[in-house]
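First up is the structure itself, then whatever we jot down about it.
So you know, we letter chains A, B, ... as the sequences are listed, proteins then strands, and number each from 1.
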There are 2 protein chains.
Amino acid sequence: MQETAGRRERKKAATRQALADAALRLFLDRGFDAVGVREIADAADVATTTLFKYFPTKESLVFDEDAGRAEALAAAVRDRAPGTSVVDALRALVEHDVVRRHTDPDMAGFRRLLDETPALRDYRRGMWLRHEASLAAAVAADAGLPPDDPRCAALAHFVLDSPDFISAAPDPVRALDGVFALLDRGWSTLAG
Amino acid sequence: MQETAGRRERKKAATRQALADAALRLFLDRGFDAVGVREIADAADVATTTLFKYFPTKESLVFDEDAGRAEALAAAVRDRAPGTSVVDALRALVEHDVVRRHTDPDMAGFRRLLDETPALRDYRRGMWLRHEASLAAAVAADAGLPPDDPRCAALAHFVLDSPDFISAAPDPVRALDGVFALLDRGWSTLAG
DNA sequence: TTGCATATGTGCAACTGCTACACCTTTTAA
DNA sequence: TTAAAAGGTGTAGCAGTTGCACATATGCAA
């Protein structure tokens with residue numbers, strides 16, 4: 001594994017990181033809406049147009065790449081421990097990604113930022129839902145159903161929609177329980 | 001019931017209608033993104049600033065008021081026929097509002113507009129979800145559960161999220177079946 | 001090393017949704 | 001009749017985003 005894959009690659013990565021770092025720092029300081037993209041570009045010492053060559057929107061500056069999430073979802077379904085239901089496996093994944101952030105004190109600032117910025121929550125929901133089709137297919141394959149089975153599609157949609165709902169709830173842990181109680185019982189009487 | 005409730009009211013209503021009509025006509029003609037708000041205001045013969053006194057956003061030009069939807073949801077839960085489950089009653093309401101549009105040929109243009117404009121679908125989803133809390137409370141009251149029961153909140157959320165998912169699906173009728181099969185079985189084993 | 005094609009970055013100007021402001025006109029009500 | 005209140009106007013401007021023409025840096029080949 002080459003660490004230094006050419007100066008060009010390294011500079012690109014550095015620029016990208018500088019932008020993301022500057023943006024997050026400014027957002028945490030003063031709030032998402034109070035910081036303009038021109039200011040972020042300035043802080044990272046690049047032109048505004050350059051910023052948009054790295055990040056398609058202002059919101060995307062806040063989130064890491066989600067490379068691997070599609071695979072993580074498929075793996076959660078495929079490689080789950082024997083005796084674990086699909087819904088339980090997905091619950092564990094959501095719990096890991098969402099609820100942990102609500103108890104980790106290092107994420108407090110980040111969490112507050114998300115809480116007070118609907119645009120960011122919407123963006124994150126979209127990132128989850130990008131994998132709706134592939135999760136539906138994985139669930140269908142696991143259950144031995146046709147890949148376009150509508151109940152699998154519905155389950156996949158609700159699971160991927162849930163992180164947003166859960167972290168916006170007053171008590172996220174209880175919300176997680178509620179969501180997966182409903183889905184688990186619904187799914188088990190369909191598939192089991 | 002006064003038909004003519006003062007010249008002022010009538011003029012306001014006429015301006016509002018002129019804006020909505022002009023907007024829908026232009027959108028259907030050329031697509032949502034290809035029409036600017038300045039052009040819509042021009043077509044309705046008002047200033048751009050006036051347009052935004054009637055409609056808070058460009059998207060809102062497309063949709064009627066949703067006055068009464070909150071009440072319709074509460075009524076669907078409260079006044080349902082004996083022997084009908086809460087989920088079935090809500091299914092009927094969603095079916096009426098969503099699936100009918102998919103079979104009515106008069107709505108074909110409107111439907112295409114929605115299909116090709118994610119911003120409009122998101123806006124409509126938001127309109128449904130505005131009643132999430134009140135629906136959750138109605139469901140909880142009906143089931144004799146505390147008003148903040150997380151399973152009721154989850155059910156309400158998924159029901160109100162579903163119209164968007166359903167009408168975006170390749171086969172909306174099958175999607176409707178899938179969604180409500182899942183929710184119905186999940187809910188009945190919790191509440192029944 | 002030199003030279004060149006290409007990837008990357010720059011600055012400017014513009015467009016789009018949306019808002020603030022100061023002003024004018026119509027309607028309502030005393 | 002008059003004055004307040006409501007509605008509408010036009011201008012100017014902001015913020016996110018993009019297109020364009022030009023500059024620079026890099027990787028590769030000779």
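- At least one side-chain heavy atom of B:Ser85 sits less than 4.5 Å from a side-chain heavy atom of B:Asp184.
- In terms of the side-chain hydrogen bond (donor to acceptor under 3.5 Å, both in side chains) criterion, residue partners of A:Asp149 (sequence neighbours excluded) are, by chain and number, A:Arg151.
- Listed by chain and residue number, nothing satisfies the side-chain hydrogen bond (donor to acceptor under 3.5 Å, both in side chains) test with A:Arg111 (two or more places apart in sequence, or in another chain).
- Taking atom CG of A:Leu51 as the reference point, atom C1' of C:dT8 lies 15 Å away to the nearest angstrom.
- With C:dT8, D:dT9, D:dT26 as the candidates, the nucleotide lying closest to the side chain of A:Arg7 is D:dT26.
- In this pair, B:Phe63 and B:Tyr123 present their aromatic rings parallel. The plane angle is below 30°, not in the 30 to 60° band.
- As judged by a 4.0 angstrom heavy-atom cut-off over every strand, B:Tyr54 is placed among residues touching the sugar-phosphate backbone only.
- Distance, B:Glu9 CD to D:dA6 C1': 11 Å, rounded to whole Å.
- Between D:dA25 and A:Lys11, no contact under 4.0 Å exists linking OP1 or OP2 to a side-chain N or O.
- Minimum interatomic distance between B:Glu39 and B:Ala34 (heavy atoms only, all atoms of both residues): OE1-O, 4.5 Å.
- For A:Thr48, there are no side-chain hydrogen bond (donor to acceptor under 3.5 Å, both in side chains) partners, not counting sequence neighbours.
- Atom C1' of nucleotide D:dA15 and atom CD1 of A:Ile40 are separated by 11 Å, given to the nearest angstrom.
- Regarding B:Phe27, its CZ atom lies at a distance of 13 Å from the P atom of C:dT16, rounded to whole Å.
- Residue A:Ala175 comes nearest to A:Ala169 through the heavy atom pair CB-CB, 3.6 Å, listed as atom of the first residue, atom of the second, then distance.
- For A:Leu61 and D:dG16, the CG to C1' distance is 12 Å, given to the nearest whole Å.
- Rounded to whole angstrom, the span from the CG atom of A:Leu19 across to the C1' atom of D:dT17 amounts to 15 Å.
- Contact annotation: the side chain of B:Asp161 approaches that of B:Arg125 to within less than 4.5 Å [non-hydrogen atoms, C-beta and beyond].
- Judged by distance alone, with hydrogens and angles left aside, the side-chain atoms of A:Arg101 form no donor-acceptor pair with the main-chain N or O of A:Val98 at under 3.5 Å.
- Whole-Å rounding puts the A:Lys12 NZ to C:dA7 C1' distance at 8 Å.
- Heavy-atom contacts from other residues, nucleotides or ligands closer than 6.0 Å to CZ of B:Arg112 number 12 or fewer.
- What separates CZ of B:Arg30 from P of C:dT16 is a distance of 11 Å, to the nearest Å.
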Sort me out a list of protein N/O and nucleotides 17-21 of chain C N/O pairs below 3.5 Å, or just none if empty.
residue: C:dG17; atom: OP1; partner: B:Val35; partner atom: O; Å: 3.4
residue: C:dG17; atom: OP1; partner: B:Lys58; partner atom: NZ; Å: 2.6
residue: C:dG17; atom: OP2; partner: B:Val37; partner atom: N; Å: 3.0
residue: C:dG17; atom: N7; partner: B:Arg38; partner atom: NH1; Å: 3.0
residue: C:dG17; atom: O6; partner: B:Arg38; partner atom: NH2; Å: 3.3
residue: C:dC18; atom: OP2; partner: B:Lys58; partner atom: N; Å: 2.7
residue: C:dC18; atom: N4; partner: B:Arg38; partner atom: NH2; Å: 2.7

Between the protein and nucleotides 28-30 of chain D, which nitrogen or oxygen pairs come in under 3.5 angstrom?
none

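- A cation-pi arrangement is absent between B:Arg121 and B:Phe165 under the rule of less than 6.0 angstrom and at most 45 degrees off the ring axis.
- Near-neighbour residues of DNA chain D inside residues 118-126 of chain B, defined by a heavy atom below 4.0 Å, are absent.
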